[in-house]
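Below you'll find the structure, written out as structure tokens, and then a few comments.
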2 protein chains.
Amino acid sequence: MRTLAGQRKGELIVLSGPSGVGKSTVISELLSSRRDIHFSVSFTTRQPRTGEADGVNYNFVSRQEFERMIADDELLEYAEYVGNYYGTSLKVIREQLERGVDVLLDIEVQGAAKVKERCPEAVLIFLVPPSIEELSRRLHRRNTDEEETIQRRLEKAREECRESVHYDYLVVNDTVVSAAGEILSILQAEQCRTSKMLFMIQSIVGNAC
Amino acid sequence: MRTLAGQRKGELIVLSGPSGVGKSTVISELLSSRRDIHFSVSFTTRQPRTGEADGVNYNFVSRQEFERMIADDELLEYAEYVGNYYGTSLKVIREQLERGVDVLLDIEVQGAAKVKERCPEAVLIFLVPPSIEELSRRLHRRNTDEEETIQRRLEKAREECRESVHYDYLVVNDTVVSAAGEILSILQAEQCRTSKMLFMIQSIVGNAC
């Protein structure tokens, strides 16, 4: 949307989806087509996986540091998931949105609900697998988790999919290109929402309004 | 959306915009990219313009015939505009939507409001010119109307733009390709709305739901 002065404010986009659905790949595809989107790197207390870099995939911090950020109200939202904290810095996001930059958050369902509460204009998108069987195949193929963890993740996925009714949009991650394409369409459509285009009506009806 | 049996129902898309904004050209562009969309040909009592064909641009009927259709409740909506009737056949649209075909209606603001009332799931898109000056240029360039008619159309355009706040989306017809592209994105986004994807959640959470 634009402010009264005609300055476009950025869109806050929240992307969630069960573990293993392929969110990171879809996000990479998205960011390569829309280099102007700011991807908000979350803070977490979990251990980095092989190949993950601090400040790129996550800002990896200690539990003590995370709890200090909570105490100092530095987070837009945070949640605990499978024993680890995940959270989003409020300051960085606010700055980007004010500058007119669209911001993409990769957060889970509890965090998404908190964002929607604090920012009702945020666009919530939930990425679903084509089926639960396909999600199971993807989790096994990833080969990073024990069978017990995979089963726990599948159960969690079912729970999260039930929560997805609170999202604005559902995108099926059938292929990365189609899923990223649908998300790009959603962003374009959201920018055409009448509530965000009122400045355009004003400019047309002018003084007669 | 899909019915309980998983059969996708068509989307009802309403496109409005002031006279001279370039709606017909945008519609042609749209229909050439999405040949599966059914364009609903309106009924009207106005005289065909040069180049317009019966059954293609409009179904041209007499005032007497139009008033019979009103009396027999054969119309989804109808309105009088600059002394002529314009209306939409209910039967054809209903059949297409049930078959899963998306239907595009080109109607003015009074008709659009009636469609939204009878079918709240309809997606209302309003096409605006980049500015009122540009609309004036386009109306003069078209060279089909007297100056007085143009001035009446411009005044009507301002009124309609004020009404556009009741639409779901506003699309600026800057270039035909960009406007058609935005409308295609809106259609894709609408198909991802959570309310229309509930069948997907059901299929994932399955019996556990």
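Owing to the predicted nature of the structure, the values given are computational and were not obtained by experimental measurement. We name chains A, B, ... by the order of the sequence lines, and we start the count at 1 in each one.
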- Tell me, out of B:Ser131, B:Ala157, B:Cys161, who's got the most heavy-atom pairs with chain A below 4.5 Å.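 With the most close heavy-atom pairs to chain A, the winner is B:Cys161.
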- Query: Which one of B:Ile186, B:Leu187, B:Leu124 has the most heavy-atom pairs closer than 4.5 Å to chain A?
  - Reply: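 Maximum pair count with chain A is reached by B:Ile186.
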- Query: Are A:Glu147 and A:Gln151 linked by a side-chain donor-acceptor pair shorter than 3.5 Å?
  - Reply: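 A:Gln151 and A:Glu147 do have a side-chain donor-acceptor pair below 3.5 Å.
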- Between chain B and each of A:Ile125, A:Val128, A:Val165, count heavy-atom pairs under 4.5 Å; write down the option with the most.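 Answer, by heavy-atom pair count under 4.5 Å with chain B: A:Val165.
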- Query: What option among A:Cys192, A:Ala189, A:Ser203 has the most heavy-atom pairs under 4.5 Å with chain B?
  - Reply: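 Maximum pair count with chain B is reached by A:Cys192.
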- Message: Does A:Lys114 qualify as a cation-pi partner of A:Tyr78, given the criterion of NZ or CZ under 6.0 Å from the six-membered ring centre and within 45 degrees of its axis?
- Response: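 Because its charged atom sits under 6.0 Å from the ring centre and within 45° of the axis, A:Lys114 does stack over A:Tyr78.
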- chain A contact via B:Leu198 - side chain, backbone, both or neither, heavy atoms under 4.5 Å: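 Just the side chain, heavy atoms under 4.5 Å.
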- Give, as side chain, backbone, both or neither, the part of B:Pro129 having an atom under 4.5 angstrom from any heavy atom of chain A. both
- Take A:Arg137 and A:His140, measure what side-chain contact (heavy atoms from CB on, under 4.5 Å) needs, and give me the verdict at the end. CA-CA 5 Å; A:Arg137 271 192 292 277; A:His140 282 96; 5.9 Å; no
- Message: Could you walk me through whether B:Glu121 and B:Leu12 satisfy the side-chain contact (heavy atoms from CB on, under 4.5 Å) test, starting with their C-alpha distance in whole Å, then the side-chain angles of each, then the deciding distance to 0.1 Å, before giving a yes or no?
- Response: CA-CA 8 Å; B:Glu121 288 219 336; B:Leu12 184 56; over 6 Å; no
- Task: Work out which heavy atom in B:Lys196 is nearest to a heavy atom in B:Val123; give both atom names and the distance.
- Result: NZ-CG2, 4.4 Å
